[in-house]
Amino acid sequence: MKFLLAAFLCSALFFTGSSPTVGSDASASSASTPTIFGFRDASAEQATESRFLAVPDSKLAEEHLRILTKVPHMAGTIEDKATADYVAQKFRDAGLDTEIVEYKVWMNYPEEISVDLIAPAGVEMHGPTREHVDHDPFQDDPRVVMPFNGMSPSGDVEGDVVYANYGTPEDFEKLDKLKIDVRGKIVLVRYGQNFRGVKVFVAQERGAAGVIIYSDPADDGWRRGDKYPDGPWRPDTAVQRGSVGYMFEFPGDPTTPGVASAPSLPASQRISPQQSAQMPRIPVTPLSYHDAWPVLQHLGGPDSPREWQGALPFTYHVGPGPAKLKMHLKQDYEFHTLWDVIGRVRGRELPDEWVVAGNHRDAWVYGAVDPNSGTAAMLEAAHGVGDLLKTGWKPKRTLIFASWDGEEEGLMGSTEWVEQHESELSNAAAYFNMDVGVSGSKFSASAVPSLKQFLRDVTKIVPSPKGGTVYEAWQKAAQPDAVSAQSPSEAIGEGRRLPAAPGKGDVPVGDLGSGSDYTAFLQHLGVPSSDVSSTGPYGVYHSVFDNFAWFKKFGDPEFVYEQQMARVFGLESVRMADADVLPYDYEEYGKEIAAYLDAAGKRAEDKFGKHVLDFGAVNAAAHHFETAGVKILAKQRNPPQDAARLNQALRGAERALLAPEGLPHRPWFRHVIYAPGEYTGYAAVVIPGVNEALDKGDSERARQQLAALAAALEHAAKTLDGYR
Ligand SMILES: [Zn+2]
């Protein structure tokens, strides 16, 4: 604890101009010989970092956010292009070598969307969905897109309604037990607990005719607290837009898996959208709880299981009927142009080793929180890098800031760029993501295990607006009493956050599933990745009310968390770009994998009985990987003069965790430790090949996947051992 206090006092000095001490490695010694893990001599880096940390400015972040969110700017619109030009200008002002890169991708805008109750007679819907509250200055702009789900097909369907809770596989199994058949029905599900595309995928597998997804007040509305504009939670008429594309098959342009959608790519090299595994086959559209109310209220059939009850004031029944709906969806599908903004600083020693830091810029409507709170923070991080450049500093590695487009439709801008630069990125040192930068005051992070300690170290020298360091505030919030005060459905309000796994008894850093732009970097190419944000009560996700007025009142009124996130994000980038030795921790990685295997072994026993599956080889490989991690960590702590071979081994180890043939049925996903679950979506499935075979009760496939995993772990261990 003493050490942490010392670290904070030092970071406080950054702002007085005296020379600070960066104590970041837990094994660091005295203040006179500063150490930063990954640096032979930390004093130059320390000076660079303190100069950087003094730059990000809360007033400027506010200015960026105000300008970026003045009007709705959905991907592919001229307003989206205007935000690209703004970001490009700021990158150029900072001295970054900047280009706007275009892609052409298949996606939809809504043309006509209606949902009508056609039975029982005399019951009316509350009318066409329009999001409205008293006194919101942004809601009436004609450019606000009507609520819809990206990647839903057009379609006209009619049918009795069945209520299926969150639409998880377990929820549908409960309907089976109640003898409720969803074939030909319109399935009504609520948002939350899993990725919306998973709800549709499962309903489609079971023969549903259509899906309606609504926001229940229990999950992010008045049950959680006062609703907007009195509080931060979802008002009655607010609708969550969002893509229902099957991104767990592959993300990016649905017509070009594995290939970049350059504007010049001929149609003959694209697959037809009708053939794309990413496209749902049944129509889907979202509703507010205001509009879902009369539908739910007129369902008969059995009472729903008690835990399916939401917060509307009547007992929820499962149906089918007598409520009957008619859905009319006319989507305008076309190839649209997207604009990624890429700003780079060429590395002075290792220009071919890239460090990439990115945030998406496109929003469903105004996107004050999601994603432009992240954009504003990224621009202040770029501002800080720009000031360093003016002092003559150049990063050792090439540093790239990226403003992605088309994330909301299906991680399009980042995926296409990654596919275009696959060969250059085989040398990348890291990808740092920030999607939502700020929705409140609670710091949260996810990363591959090799970067978890790096993240803890970085946050130890960034001051928190609460006092102390970000690390200390993070630690405090992670105390058991603080965790239990957090509702399990907080993840819904935040949209994309994942449950955090405990690390070495330290602050919890979560695992990366999917749902933001790190997906292609990590899961397609094996680039070590992280995702950071500052979170809080946030019920207006993907609605018109995620706007500057909400943000100023509830998100970060003083923009001090914006400043904090700019510092964290920028420091990750600067430190990684400058490191002599890549600051990865493969010991922690090995320990986590051992824990995943332990859990999978127990599941296998439950499923198939003892000794049916042999975990011997894979456990030995995991042990080998962990031991190799411990050995190389000792060398990283005492770096040689020429670290090229050491760094090559370190980078190679994460790449060795890719299976060339990919996961069963979804070859685009190649990482054998992390993937989005086919039935969980955002949330990570760890050692996915094995765990998904166990889910299916397929012992033969589990055996093959254990062998593939053991081979990858051995390969990674040998890659680390190869450095002597
Ligand atoms: Zn986002």
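Given the structure is predicted, the values throughout are model-derived calculations rather than measurements. Computed from heavy atoms alone, side chains included, the values below leave out hydrogens, waters and symmetry copies. Atoms within a ligand are numbered from 1 in the order they appear, just like the ligands themselves.
The ring of Trp106 has its center no closer than 6.0 angstrom to the ring center of His336. Between Trp233 and Phe545, the gap from one ring centroid to the other reaches at least 6.0 Å. Taking the six-membered ring for Trp and the full ring otherwise, Tyr538 and Trp550 have centroids separated by under 6.0 Å.
Among the backbone and side-chain atoms of Asp435, an N/O/S atom is found under 2.8 Å from the Zn ion (ligand 1). Counting backbone and side-chain atoms alike, Glu408 contributes no N/O/S atom closer than 2.8 Å to the Zn ion (ligand 1).
With Phe548 as the aromatic partner, Arg66 does not meet the cation-pi criteria of under 6.0 angstrom to the ring centre and within 45 degrees of the ring axis.
For Asp370, the N/O/S atom at the shortest distance from the Zn ion (ligand 1) is named OD1.
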